[in-house]
**Student:** 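Here's a structure for you.
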Amino acid sequence: MKIIKILGVSAMALGLTSCVSKKQYDALSSNYKQCIENIGERQREIQDLKSQNSALSGENNLLKSQHDALKSSLDACLSNTGKSSANIDKLVGEINASNSYIKQLISNNAKNDSLNMALSNKLKRSLDNVTDDDVQVKVLKGVVMISLSDKMLYKTGDYNVLPAAQEVLGKVAKVINDYDKYSVLIEGNTDNAPLSSPNLPRDNWDLSALRGTSIAKVLQTQFGVDPARITAGGRSEYNPKATNMSVSGRAENRRTEIIIMPKLDEFMKLMDIAPKK
């Protein structure tokens, strides 16, 4: 409501430009543009939260279905007088173990979702002044994915990182260093245009892998990211996001992705608490 009022006042002020000085008009115009930018940011955050809520609702429904199935099995067992009390005790134990696992799973999922949402929002704010076509930030199944266009990072067919990319990589590195318990996976990708050379890079496999390791080295040497947290490699032309039949599709496929995710041992801990069958 406050934003709407501000926009209304700003619009009225803009309509009365003939009654105010140029300095006042410029101030009102700047305020109006800032309000529009703030609305856009709030809308993006709302959309992210809706996506997270939808994913959590799906998981919650699945867990409820599993719980109901176990409860139905117990009811059927209790109604069958031919079953021994030992089997009932075993089933009750399995239900209790499953309930404990479900509670732990929900707790871990909620924690990871909160951390990833905070991480994603922080990245989006820090990269807000970068062209959307060059940098995309998404959260998918608890993993934060940053997609960087090749034109921002390298010259055509080259793997050396351009100086102009330092600002963006510095902002990404700042967030990576703030979330020091997360692992970092860097993947180079190419389109399907053939590359053949006696020197490096010899083909698209070489090009994608060298681009991934080049970004890793910049994050390590220029911005102090712990190399023990980094895995870097290339996927050549075999992980396309769009068709290679168009210029825009090939441009989208020529990308380097930085993936920030919980470390493997955190997932293993979650697996260890699963009830034994």
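Each residue takes its place number in the sequence, starting with 1.
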**Student:** Taking Asn204 for its side chain and Ala193 for its backbone only, find out whether a donor-acceptor pair lies under 3.5 Å.
**Tutor:** yes

**Student:** Under 3.5 Å, is there a donor-acceptor pair between the side chain of Thr213 and the main chain of Leu210?
**Tutor:** yes

**Student:** Give a yes or no answer on whether the side chain of Arg211 reaches the backbone of Tyr154 with a donor-acceptor pair at less than 3.5 Å.
**Tutor:** no

**Student:** Do the side chain of Ser214 and the main chain of Tyr159 share a donor and acceptor less than 3.5 angstrom apart?
**Tutor:** yes

**Student:** Quick one: CD1 on Ile259 to CG on Leu185, what's the gap to the nearest 0.5 Å?
**Tutor:** 4.5 Å

**Student:** I'd like to know if Leu148 and Leu207 are part of one continuous hydrophobic network [Ile/Leu/Val/Met/Phe/Trp/Tyr, side-chain heavy atoms within less than 4.5 Å].
**Tutor:** no

**Student:** For Asn160, enumerate each residue passing the side-chain contact (heavy atoms from CB on, under 4.5 Å) test, keeping only those at least two apart in sequence or located in another chain.
**Tutor:** Asp158

**Student:** Okay, side chain of Ser147, backbone of Glu257: is any donor-acceptor separation there less than 3.5 Å?
**Tutor:** no

**Student:** Step by step, would you call Asp180 with Arg229 a side-chain contact (heavy atoms from CB on, under 4.5 Å)?
**Tutor:** CA-CA 8 Å; Asp180 57 357; Arg229 300 170 56 195; 4.1 Å; yes

**Student:** Could you go step by step and tell me if Ile230 and Ile186 meet the side-chain contact (heavy atoms from CB on, under 4.5 Å) rule?
**Tutor:** CA-CA 7 Å; Ile230 301 175; Ile186 304 172; 3.8 Å; yes

**Student:** Before giving the answer on side-chain contact (heavy atoms from CB on, under 4.5 Å), spell out for Arg255 and Asn239 the whole-Å C-alpha distance, their side-chain angles and the decisive distance to 0.1 Å.
**Tutor:** CA-CA 10 Å; Arg255 69 196 185 279; Asn239 185 37; 3.4 Å; yes

**Student:** Among Ser236, Ser208, Pro201, which one satisfies side chain to side chain contact (heavy atoms under 4.5 Å, CB included) with Leu195?
**Tutor:** Pro201

**Student:** In terms of side-chain geometry, is the basic nitrogen of Asp68 or Lys64 positioned less than 4.0 Å from the acidic oxygen of its partner?
**Tutor:** no

**Student:** Mind checking what makes salt bridge (Lys or Arg N to Asp or Glu O under 4.0 Å) contact with Arg235, not counting sequence neighbours?
**Tutor:** Glu187

**Student:** Do Ser149 and Asp134 meet the criterion of a side-chain donor-acceptor pair at a distance under 3.5 Å?
**Tutor:** yes

**Student:** Within the side chain of Asn61, is there an N or O that forms a donor-acceptor pair under 3.5 Å with the backbone of Ser57?
**Tutor:** yes

**Student:** Applying the side chain to side chain donor-acceptor pair (under 3.5 Å) test to Asn253, which of Asn189, Asn244, Asp191 qualifies?
**Tutor:** Asn244

**Student:** Determine whether a donor-acceptor pair (N or O, by modelled atom type, separation under 3.5 Å) exists between the side chain of Asn177 and the backbone of Phe223.
**Tutor:** yes

**Student:** Heavy-atom distance under 4.5 Å between the side chains of Gln43 and Gln47, does that happen here?
**Tutor:** no

**Student:** I would like to know whether Val218 and Gln220 meet side-chain contact (heavy atoms from CB on, under 4.5 Å); could you show each step before the answer?
**Tutor:** CA-CA 5 Å; Val218 170; Gln220 175 190 353; over 6 Å; no

**Student:** Is the side chain of Ser197 donor-acceptor paired with the backbone N or O of Asn199 at a distance under 3.5 Å, no angle test?
**Tutor:** yes

